[in-house]
2 protein chains.
Amino acid sequence: MTETTTTKTAMTETTMSETPSGMPALSDFLCFAAYSTGHAFNRIYKPLLDRLGVTYPQYLVLVQLWAEDGQTVGALGGRLFLESNTLTPLIKRLEAMGLVIRRRDPADERQVRVSLTEQGRALETQALAVPGCIFAATGLTLDEIQRLTRDLTVLRDRLMATAETAA
Amino acid sequence: MTETTTTKTAMTETTMSETPSGMPALSDFLCFAAYSTGHAFNRIYKPLLDRLGVTYPQYLVLVQLWAEDGQTVGALGGRLFLESNTLTPLIKRLEAMGLVIRRRDPADERQVRVSLTEQGRALETQALAVPGCIFAATGLTLDEIQRLTRDLTVLRDRLMATAETAA
DNA sequence: GCTAGTTAAATCGCACACGATTTGATCGTG
DNA sequence: CACGATCAAATCGTGTGCGATTTAACTAGC
């Protein structure tokens, strides 16, 4: 109880399993669980999105635009937590595929508005089946999914608030 | 109850909020929550790992090696869910930094074993503070972290099992 | 109304991820 | 022992992510 292992962290002092080296086991890292689950989702999405001809981040942009067309690059980035350095080339690829058009906003030429083409709108019909497939792959109930989604969202927002403060 | 909206998925039929287009709102996507939480973690880790001079995936490899030195590329990949096409260049960067050495296994020349250098072992002391900082950034209790980690791990393993079956 | 400061995208460089293929070593069967 | 199958890494090409910088457009203060 009155140990002298003062170098240990709060995490390792209590219940986390620990390797001989003193570092907690990787399986205990929440961040690794989030990291690897994200990749696992990506692998599930891949075959479904291949049929649509888009990648997962491209799909996320399209979901945004199906909900509200003509958003600026900044607005899309705000919702997806991505910067223009990631979005600009991604959206240019969507444009090259003929799914969207990029236009500078006449009222503020600094901004670029992204609009769906007819083909881009049409793709939503194909995409409607995707969420159901993903739902089935999780093997979770709707309640479990909602709770997990909420918990992760709370965590994400807290992490981003911390990152904000640190900056 | 006896609706005719047969094109809707199980998810959209029940409780998920829905945009005018018929696609569930992005905030409802569990996969997006995992995806964005992973990125949020990455941004928290960045300043901590910058001091160690490594990236997050490089850090994960080092955590593995601190737990068990001399693992093969395949064994590391099995634990991190990464393939040699990702790991090989990553580990070569660790080698270029002088943190690890790569050696072909004499007993089976197909395999490459990755071993920590003195400098690589020494880095663990610096890294011991990292998990505690991350823990603080989450603002969660240990119980909450453990439950979320377990839930995510279960989900990840189920997704990977599905991907396995589909292949 | 001109200039300094701010803002939105775009650009550049680097490091993952991952599908697909290649190279080299090992194994299994005849 | 031979040789095809299998296996572990490595290689190659494409597409994110993101820090840092640049460019162009707007805004505020004098």
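Convention: sequence-line order gives letters A, B, ...; per-chain numbering from 1.
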Side-chain donor-acceptor contact under 3.5 Å, B:Ser115 with B:Arg103: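 The answer is yes; a qualifying pair exists.
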For [X], which contact category applies under a 4.0 Å heavy-atom criterion: base, sugar-phosphate, or nothing?
| X | value |
| --- | --- |
| A:Asp108 | sugar-phosphate |
| B:Arg43 | sugar-phosphate |
| A:Thr55 | sugar-phosphate |
| A:Glu83 | nothing |

Nearest listed nucleotide, side chain of B:Leu90, among C:dT11, C:dA17, C:dC16: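 Ranking C:dT11, C:dA17, C:dC16 by closest atom to the B:Leu90 side chain puts C:dC16 first.
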Nearest whole angstrom, please: distance from the [atom2] of [N] to the [atom1] of [X].
| X | N | atom1 | atom2 | value |
| --- | --- | --- | --- | --- |
| A:Leu49 | C:dC18 | CG | P | 14 Å |
| B:Lys92 | C:dC16 | NZ | C1' | 16 Å |
| B:Leu82 | C:dG19 | CG | C1' | 14 Å |
| A:Asn85 | C:dA15 | CG | C1' | 14 Å |
| A:Lys46 | C:dA17 | NZ | C1' | 11 Å |

CD-CD1 distance between B:Glu95 and B:Ile91, expressed to the nearest 0.5 angstrom: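 Those atoms lie 9.5 Å apart.
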Atom pair CG (A:Asp143) and CG (A:Leu148), whose distance is rounded to the nearest 0.5 Å: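 Answer for the CG-CG pair, A:Asp143 versus A:Leu148, is 12.5 Å.
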Any B:Tyr56 side-chain nitrogen or oxygen under 4.0 Å from OP1 or OP2 of C:dA15: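 Indeed not, no polar side-chain atom of B:Tyr56 lies that close.
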Under 3.5 Å donor-acceptor, [X] side chain and [Y] backbone:
| X | Y | answer |
| --- | --- | --- |
| A:Arg113 | A:Gln71 | no |
| B:Asp105 | B:Gln111 | no |
| A:Thr138 | A:Phe135 | yes |

Mutual orientation of the aromatic rings belonging to B:Tyr45 and B:Tyr56 [parallel < 30°, tilted 30-60°, perpendicular > 60°]: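 B:Tyr45 vs B:Tyr56 ring planes: tilted.
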Nearest-nucleotide comparison on DNA chain D, the residue closer to the 5′ end among A:Pro89 and A:Glu109: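 Residue closer to the 5' terminus by nearest nucleotide: A:Pro89.
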Of A:Ala75 and A:Asn42, the one whose closest DNA chain C nucleotide lies more 5':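 Result of the comparison: A:Ala75.
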Ionic contact status for B:Glu118 with B:Arg121, cut-off 4.0 Å: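 Looking at B:Arg121 and B:Glu118, the cut-off is met.
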Donor/acceptor link under 3.5 angstrom from A:Arg110 side chain onto base of C:dT7: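 It does, because a donor-acceptor pair links the side chain of A:Arg110 to the base of C:dT7 below 3.5 Å.
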Polar side-chain contact A:Ser84-C:dA10 base: donor and acceptor under 3.5 Å: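 Looking at the base of C:dA10, it does pair with a donor or acceptor on the side chain of A:Ser84 (distance under 3.5 Å).
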Start and end of chain B contact along DNA chain D [non-hydrogen atoms, under 4.0 Å]: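 In short, chain B contacts DNA chain D from D:dC7 to D:dC18.
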Residues in contact with DNA chain D, drawn from residues 97-107 of chain B - heavy-atom cutoff 4.0 Å: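 Those residues whose heavy atoms fall under 4.0 Å from DNA chain D, taken from residues 97-107 of chain B in numerical order, are B:Arg102, B:Arg104.
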Smallest separation among heavy atoms of B:Pro57 and B:Leu90, with atom names: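 For B:Pro57 and B:Leu90, the tightest heavy-atom pair comes out as CB-CD1, 3.5 Å.
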